[in-house]
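Down below is the structure, laid out as structure tokens.
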Amino acid sequence: MTYRCLLQMVLLLCFSTTALSRSYSLLRFQQRQSLKECQKLLGQLPSTPQHCLEARMDFQMPEEMKQEQQFQKEDAILVMYEVLQHIFGILTRDFSSTGWSETIIEDLLEELYGQMNRLQPIQKEIMQKQNTTAGDTIVPHLGKYYFNLMQYLESKEYDRCAWTVVQVQILTNVSFLMRLTGYVRD
């Protein structure tokens with residue numbers, strides 16, 4: 001009896017891994033659609049005066065985000081997951097001074113959460129293999145970049161201008177995620 005259950009579990013794991021690896025095209029499509037929705041939602045947030053953009057600073061965005069480079073599918077997934085987690089974390093902060101619609105932010109968080117849920121099983125599978133990849137070298141740079149964004153928001157006491165600067169950064173991040181999505185292929 002135990003052998004039969006064990007065999008069924010092994011077969012299920014084999015098929016689910018195969019199904020995951022064969023569904024990269026679907027994942028890429030879903031991620032792109034969701035990222036387009038995120039761009040649309042970010043665009044619906046009210047803009048603030050141009051002088052706010054003068055308050056920008058160098059957040060030490062990783063070079064990998066600024067310039068075109070090649071990513072392996074696994075690296076792209078690891079980096080995408082990390083970026084989505086950080087953006088989600090930022091958007092759960094106090095944005096009350098912005099005049100932004102809570103409904104739009106909730107919809108945006110829902111889209112980000114959905115993306116992370118779709119990526120998580122594959123991300124876990126990649127992490128279990130524990131091979132050092134290019135994604136491993138980018139992730140610490142991402143952590144520093146997002147730490148700098150959070151420090152900036154805190155130092156400006158989450159004021160409207162600080163959120164405008166961060167909103168521009170998030171839009172840049174979403175564009176980067178769109179590029180990364182292109183590397184998620186079968």
Side-chain angles (χ1 to χ4, degrees), residues 9-43 56-92 107-152 165-186:
M9 288 176 61
V10 168
L11 288 173
L12 179 63
L13 282 172
C14 289
F15 288 129
S16 66
T17 302
T18 303
L20 281 175
S21 65
R22 292 181 186 253
S23 65
Y24 285 121
S25 294
L26 176 60
L27 176 65
R28 185 177 65 245
F29 173 77
Q30 291 170 330
Q31 291 299 105
R32 279 198 174 137
Q33 293 305 111
S34 186
L35 288 167
K36 286 177 186 176
E37 183 64 20
C38 288
Q39 284 176 323
K40 184 181 108 184
L41 290 167
L42 284 165
R56 282 186 291 197
M57 63 174 278
D58 180 14
F59 296 106
Q60 298 177 346
M61 179 182 282
E63 287 301 315
E64 297 86 356
M65 291 177 78
K66 293 181 191 175
Q67 57 194 5
E68 194 68 34
Q69 89 172 46
Q70 293 293 320
F71 283 91
Q72 297 297 319
K73 170 178 44 184
E74 292 81 8
D75 296 332
I77 289 169
L78 291 175
V79 172
M80 287 169 63
Y81 188 79
E82 188 76 15
V83 169
L84 289 166
Q85 279 187 310
H86 284 291
I87 293 172
F88 188 91
I90 287 171
L91 291 174
T92 58
D107 290 347
L108 186 55
L109 289 171
E110 197 173 297
E111 287 293 329
L112 295 169
Y113 186 75
Q115 289 180 57
M116 288 187 295
N117 276 343
R118 285 189 293 274
L119 289 171
Q120 191 174 34
I122 302 169
Q123 181 259 359
K124 283 184 177 181
E125 183 181 317
I126 293 167
M127 295 299 284
Q128 285 176 350
K129 291 179 184 175
Q130 293 189 351
N131 293 337
T132 303
T133 65
D136 294 337
T137 60
I138 297 167
V139 168
H141 298 282
L142 289 171
K144 182 174 180 156
Y145 166 67
Y146 288 105
F147 176 78
N148 291 339
L149 284 175
M150 289 304 304
Q151 289 294 105
Y152 177 75
V165 170
V166 170
Q167 179 185 7
V168 170
Q169 290 293 310
I170 291 173
L171 276 166
T172 302
N173 291 194
V174 171
S175 295
F176 172 65
L177 288 170
M178 286 291 263
R179 281 196 331 254
L180 276 180
T181 302
Y183 295 107
V184 180
R185 299 191 178 280
D186 292 328

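Just so it is clear, the structure is predicted and the values come from calculations on it, not from any experiment.
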Y152 and F59 aromatic ring geometry - parallel, tilted or perpendicular at 30°/60° bounds: perpendicular
Nearest non-hydrogen partners of [X] and [Y], listed with the distance:
X    : Y    : answer
Y183 : F71  : CD2-O, 3.3 Å
E111 : C38  : CB-SG, 3.7 Å
V184 : K73  : CA-CG, 4.3 Å
R28  : G182 : CD-CA, 4.3 Å
Y145 : Q60  : CB-O, 3.8 Å
L149 : V166 : CD2-CG2, 4.3 Å

Is any side-chain heavy atom of [X] closer than 4.5 Å to a side-chain heavy atom of [Y]?
X    : Y    : result
F88  : L84  : no
P62  : K144 : no
L119 : L27  : yes
E74  : L78  : no
I90  : Q169 : no
M61  : N148 : no
V83  : L180 : no

Nearest-0.5 Å distance that lies between atom [atom1] in [X] and atom [atom2] in [Y]:
X    : Y    : atom1 : atom2 : result
Q85  : L112 : CD    : CG    : 11.0 Å
T172 : L177 : OG1   : CG    : 11.0 Å
M80  : E82  : CE    : CD    : 13.0 Å
L41  : L91  : CG    : CG    : 10.5 Å

Should we count CD of Q72 as having more than 12 external heavy atoms under 6.0 Å?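 Result for CD/Q72: open.
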Could you check whether atom CD of Q33 has more than 12 heavy atoms from other residues, nucleotides or ligands sitting under 6.0 Å from it? yes
Hey, are Q31 and T181 close enough side-chain-wise for a donor-acceptor pair under 3.5 Å? no
Could you check Q123, M127, K124 and say which one makes a side chain to side chain contact (heavy atoms under 4.5 Å, CB included) with Y81?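 With Y81 as partner, Q123, M127, K124 yield a single side chain to side chain contact (heavy atoms under 4.5 Å, CB included), made by Q123.
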Test your reading of the model: is there a side-chain donor-acceptor pair from Q167 to the backbone of L42, 3.5 Å cut-off?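 Indeed, once roles are kept as given, a pair shorter than 3.5 Å links the two residues.
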